[in-house]
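Below is one structure; the comments refer to it alone.
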Amino acid sequence: MKTHRAVRTPGGLSLRVDVRTLVVGTLLLLVALTASVVLIGTGDFPIPAADVVRTLLGEGDPGQEFIVTELRLPRVLVGLLVGASLGLAGALFQSVSRNPLGSPDVLGLGQGATAGALVVIVLFSGTANQVALGALVGGLATGFAIYVLAWKRGVHGYRLVLVGIGVSAVVTAVNGYLLTKSDIVDAARAIVWMTGSLDGRDWDQVWPLLALCAILVPLVLANSRGLRMMEMGDDVSYALGVRVERVRLVLMLSAVLLTAAATAASGPVGFVALTAPQLARRLTRSPGPNLVPAMCMGAALLVSADWISQRAFGAGQLPVGVVTGVLGGVYLLWLLVTERRAGRI
């Protein structure tokens, strides 16, 4: 059975399609959408999946329409967008660094966004929108610092990861200092935000993240060929006509923006960016960054984790960031053992 097929468009453009990757991506998207429907129906007022679908199509009764469209749908959409953004950002960083540990979690971008949010909360007692803006600025500043410190005739592999770990340690210390200097009310508010949660999310978080994804996802996919060439090394990429540093800068900036925006919308949700690209690659068994499967995997993981938090813990549910942290920590330990046995670390 052929795993790749050539598709020719009427305009004469020829594309090579990996059948397994297409099937896996489609199945992951279906899993994410199915989990979303189930999650919308979960809560103090349960709604059957068939009624959820009917309501989303505009055929539900007024009570169900209010619960679905005003209370639960925004939360689920934020979960899908945050999961997809983190999955894509993780795939970009792991591909650029050519290292399975090269994710926003390890590089400290989430901690940087957290620092920006804490500055707004602790020093200025800012509103929710101001906290989100602070998280976005903090993530961008941390990404810029990592890029500058890792630069030496380009940004490569383990240097990026090691610099990111160092920056993460520094920013974590800053976050601890900010917490010790805050009063009890601001500290409690900051701790709640730092757990990473989809609770109380509404359309105000959906639209900015959706707009950013609508801009950045096509930009990233348009540069995916250059990213795939770069996995063979900079010299080969230059020989094939890829403008390596330009492509790397565009993709890293996109990954930083996606991570910072996702963190601003939901707080720091750990390990989705680390696990989603690796799980997607193991399912597709395809070389390359697997950008679209990583996005679908990230969305499926986050909404599934949110459903687990609600079903397993009921009214006293854990924030989704705690659930992904537990599952992702187990995966990270397994990944480290695997990499060590393979002699790569």
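Not measured: the values here are computed from a predicted model.
L179 places a side-chain heavy atom less than 4.5 Å from the side chain of M194. Between L301 and L279, the closest side-chain pair of non-hydrogen atoms falls below 4.5 Å. With a 4.5 Å cut-off on side-chain heavy atoms, R201 and V82 do not count as touching. In this structure the side chain of L249 reaches within 4.5 angstrom of the side chain of Y147, judged on heavy atoms. Between R72 and F45 the shortest side-chain heavy-atom distance falls below 4.5 Å. The shortest side-chain heavy-atom distance between T114 and V171 does not fall under the 4.5 Å cut-off. Using a 4.5 Å heavy-atom threshold, the side chains of M252 and L92 count as separate. Looking at heavy atoms from C-beta onward, V167 lies out of side-chain contact with Q111 at the 4.5 angstrom threshold.
In terms of heavy atoms, A273 sits closest to P104 at CB-CD, 3.6 Å. Nearest heavy-atom pair, L302 versus G83, reported as atom, atom and distance to 0.1 Å: CD2-N, 3.5 Å. What you find for G87 and P277 is that their closest heavy atoms are O-CG, 3.6 Å. The two residues Q310 and L39 come nearest to each other via the heavy atoms NE2-CD1, 3.2 Å. In this structure, L257 and L216 approach most closely via the heavy-atom pair CB-CD1, 3.7 Å. V272 approaches T324 most closely through the heavy-atom pair CG2-CG2, 4.0 Å.
More than 12 heavy atoms of other residues, nucleotides or ligands shown are found within 6.0 angstrom of CG on L333. Within 6.0 Å of atom CH2 in W203, more than 12 heavy atoms from other residues, nucleotides or ligands are found, so the atom counts as buried in its surroundings.
Under a hydrophobic clustering in which Ile, Leu, Val, Met, Phe, Trp and Tyr are joined whenever their side-chain heavy atoms come within less than 4.5 Å, directly or via other members, L33 and L56 fall into different clusters. Under a hydrophobic-cluster definition in which Ile, Leu, Val, Met, Phe, Trp and Tyr are linked whenever side-chain heavy atoms come within less than 4.5 Å, directly or via other members, L140 and V137 are assigned to different clusters. Hydrophobic clustering keeps I184 apart from L178 (ILVMFWY residues linked when any side-chain heavy atoms are closer than 4.5 Å, directly or through intermediates). Side-chain heavy atoms closer than 4.5 Å link hydrophobic residues (I, L, V, M, F, W, Y) into clusters, and following such links, even through other members, never connects V217 to L29.
Distance check, rounded to the nearest 0.5 Å: CZ of R246 to CG of N223 gives 6.5 Å. For the atom pair Q278 CD and N290 CG, the distance stands at 9.5 Å (nearest 0.5 Å). The line from CG of L149 to CG of L160 is 11.0 Å long, rounded to the nearest 0.5 Å. If you take CG on L162 and CD1 on I146, they are separated by 12.0 Å, rounding to the nearest 0.5 Å. E59 CD to D51 CG: the interatomic distance, rounded to the nearest 0.5 Å, is 11.0 Å. Expressed to the nearest 0.5 Å, how far OG of S97 lies from CG of L107 amounts to 7.0 Å.
Each of V269, V323, T42, V320 was scored for a side-chain contact (heavy atoms from CB on, under 4.5 Å) with D306, with one residue passing: V320.
Between the side chain of Q205 and the backbone N or O of S266 there is no donor-acceptor pair closer than 3.5 Å. Checked by atom type and distance alone, the side chain of S168 never pairs as donor or acceptor with a backbone atom of G164 at under 3.5 Å. Side-chain atoms of S224 do not come within 3.5 Å of backbone N or O of V220 as any donor-acceptor pair. A distance-only check finds no donor-acceptor pair linking the side chain of S95 to the backbone of A91 [under 3.5 Å].
Comment: R75 does not engage D202 in a salt bridge, judged by the lack of any side-chain N to carboxylate O separation of less than 4.0 angstrom.
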